[in-house]
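This chain uses plain numbering: 1 for the first residue, then up along the sequence.
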Amino acid sequence: MRRSYPSVLFFSIAMLAVACGIPEDKHNAVLRDLQGCKTTLAATKNSLTTAEGERNQLKSKLTALSADRDALAKRYGATKKEIEELRKARAAAEARSQVFRDLMKRLQDMISAGKLKVEIRKGRMIVKLDDKILFDPAKTKLKEAGKEALKQLAAVLKDISKRDFLVAGHTDNVPIKTRKYPSNWDLSAARAVEVVKFLQNEGVDPRHLGAAGFSEHDPVGDNSAEEGRRTNRRIEIVLMPNIEELPKIDL
């Protein structure tokens with residue numbers, strides 16, 4: 001039968017002790033010391049195994065923390081960019097609000113006189129004039145009162161820099177059918193063109209003017225009632241947004 005190395009060692013030491021005449025108590029003390037060394041060696045081996053496992057766990061945690069750090073750094077960069085974009089958007093919104101406040105201030109006399117209204121609709125600044133002050137029914141020739149109102153308005157618009165203006169004609173839903181204007185489309189567009197030409201003659205840069213007819217298809221009032229139809233018959237001057245105010249699109 002093959003013996004283990006420690007057993008052979010103890011046996012050899014015991015035989016050597018007997019052969020050398022070593023007292024039994026010293027012999028037993030040596031054996032106990034050897035046994036203690038064996039136990040300590042086994043405990044040390046277990047400790048090393050445990051430490052190796054802990055080291056591997058710490059290594060895994062360090063790898064995970066490194067990945068988290070990289071993700072946080074990337075997120076920080078994205079958040080910083082978002083904050084900067086929000087800051088720019090806020091500055092642009094404040095600039096638009098300032099234009100609106102300035103416009104309201106300069107047109108206050110006309111607003112108080114009931115010649116026009118200034119409002120925000122569909123995210124745009126709009127100067128609205130009732131067609132009653134501008135045109136006779138089913139006509140496109142400007143009335144004298146309408147010309148006076150547009151002169152005052154042109155004096156303000158031509159001082160607003162870097163801004164395009166869309167003159168929009170609107171009607172109610174009552175059909176018109178004449179030789180000159182076979183539909184409300186024709187009437188609304190013709191009235192818008194008439195206003196554009198007048199504003200140009202009053203000094204508004206034609207490169208910043210446009211005309212459009214919406215017929216009855218963009219109502220602001222109820223067409224089932226006379227009061228609603230009256231509010232729908234109107235000319236609007238829309239202050240178009242600058243390209244710099246539009247959000248950037250990444251393609």
Inset, instruction - Could you walk me through whether Arg233 and Glu226 pass the salt bridge (charged side-chain N to carboxylate O under 4.0 Å, His left out) test, one step at a time? - result: CA-CA 11 Å; Arg233 298 190 295 266; Glu226 175 54 35; 3.4 Å; yes
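- Between the side chains of Asn46 and Thr49, no donor-acceptor pair is found at a separation under 3.5 Å.
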Legend entry - Test log, rule salt bridge (charged side-chain N to carboxylate O under 4.0 Å, His left out), inputs Glu119 and Lys117: CA-CA 7 Å; Glu119 60 185 38; Lys117 295 180 181 179; over 6 Å; no
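- Here the side chains of Arg163 and His208 are not in contact, with every heavy-atom distance at 4.5 Å or above.
- To the nearest 0.5 Å, atoms CG (Leu103) and CD1 (Ile160) are separated by 5.0 Å.
- Nearest heavy atom pair, residue Phe135 against residue Ile235, reads CE1-CG1, 3.9 Å.
- Residues Val193 and Tyr181 do not share a hydrophobic cluster, defined by chaining ILVMFWY side chains whose heavy atoms lie under 4.5 Å apart.
- Around the NZ atom of Lys139, the shell of radius 6.0 Å holds no more than 12 heavy atoms that belong to other residues, nucleotides or ligands.
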Legend entry - Derivation and outcome, salt bridge (charged side-chain N to carboxylate O under 4.0 Å, His left out), residues Lys143 and Asp136: CA-CA 7 Å; Lys143 297 164 65 173; Asp136 287 322; 3.7 Å; yes
Inset, instruction - In sequence, state the C-alpha distance, the side-chain angles, and the governing distance for Met125 and Val118, and then conclude on side chain to side chain contact (heavy atoms under 4.5 Å, CB included). - result: CA-CA 7 Å; Met125 281 180 280; Val118 180; 5.7 Å; no
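- Here Asp172 contributes atom CG and Ser224 contributes atom OG; the two are 12.0 Å apart, rounded to the nearest 0.5 Å.
- Between Leu199 and Ala154, the closest heavy-atom pair is CD2-CB, 3.8 Å.
- Ionic pairing of Glu194 and Arg191 is not present here: no N-O contact between side-chain nitrogen and carboxylate oxygen is shorter than 4.0 angstrom.
- Looking at heavy atoms from C-beta onward, Asn232 lies out of side-chain contact with Thr171 at the 4.5 angstrom threshold.
- Between the CD1 atom in Ile126 and the CG atom in Leu116 there is a gap of 13.0 Å [rounded to 0.5 Å].
- One finds the CG atom of Leu150 at 5.5 Å from the CZ atom of Phe198 (value rounded to the nearest 0.5 Å).
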Inset, instruction - Could you give me the CA-CA distance, side-chain angles and deciding distance for Trp185 and His217, then say whether side chain to side chain contact (heavy atoms under 4.5 Å, CB included) is met? - result: CA-CA 9 Å; Trp185 284 109; His217 301 293; 3.2 Å; yes
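- Counting only heavy atoms from C-beta outward, the side chains of Ile111 and Asp109 never approach each other to under 4.5 Å.
- Electrostatic pairing of Asp218 and Arg121 counts as a salt bridge here, judged by a charged N lying under 4.0 Å from a carboxylate O.
- The minimum heavy-atom distance linking Leu239 with Phe165 is given by the pair CG-CE2, 3.7 Å.
- The shortest distance between side-chain heavy atoms of Ile176 and Val174 does not fall below 4.5 Å.
- Using modelled atom types, no side-chain atom of Arg229 and backbone atom of Asn173 make a donor-acceptor pair closer than 3.5 Å.
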Legend entry - side chain to side chain contact (heavy atoms under 4.5 Å, CB included) evaluation trace for Arg234 with Asp131: CA-CA 5 Å; Arg234 67 200 189 277; Asp131 81 326; 5.6 Å; no
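- Across all non-hydrogen atoms, the minimal contact from Ala168 to Ala192 is C-CB, 4.4 Å.
- The side chain to side chain donor-acceptor pair (under 3.5 Å) test with Gln152 singles out one residue from Glu202, Arg106, Lys115, and that residue is Lys115.
- In terms of modelled atom types and a separation under 3.5 Å, the side chain of Ser66 and the main chain of Leu62 share no donor-acceptor contact.
- In terms of heavy-atom proximity, Val220 sits nearest to Thr231 at CG2-O, 3.7 Å.
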Inset, instruction - Take Glu144 and Glu148 through the side chain to side chain contact (heavy atoms under 4.5 Å, CB included) test and state the conclusion after the steps. - result: CA-CA 6 Å; Glu144 290 304 316; Glu148 183 59 33; over 6 Å; no
Legend entry - Stepwise salt bridge (charged side-chain N to carboxylate O under 4.0 Å, His left out) check, Glu52 with Arg55: CA-CA 5 Å; Glu52 180 70 15; Arg55 185 183 73 85; 2.9 Å; yes
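- When all heavy atoms are compared, the tightest approach of Ile133 to Ala149 is CD1-CB, 4.4 Å.
- In this model, a donor atom of one side chain and an acceptor atom of the other lie less than 3.5 Å apart for Gln108 and Ser112.
- Salt-bridge formation is detected for the pair Glu227/Arg230: a Lys NZ or Arg NE/NH1/NH2 atom is positioned less than 4.0 Å from an Asp or Glu carboxylate oxygen.
- Within 6.0 Å of CZ in Arg207 there are 12 or fewer heavy atoms belonging to other residues, nucleotides or ligands.
- To the nearest 0.5 angstrom, Thr140 atom OG1 is 11.0 Å from Asp186 atom CG.
- Aromatic pair His170/Phe214: centroids less than 6.0 angstrom apart.
- Distance check, rounded to the nearest 0.5 Å: NZ of Lys88 to CD of Glu84 gives 5.0 Å.
- In the hydrophobic cluster analysis, where Ile, Leu, Val, Met, Phe, Trp and Tyr join through side-chain heavy atoms closer than 4.5 angstrom, Leu134 is grouped together with Val204.
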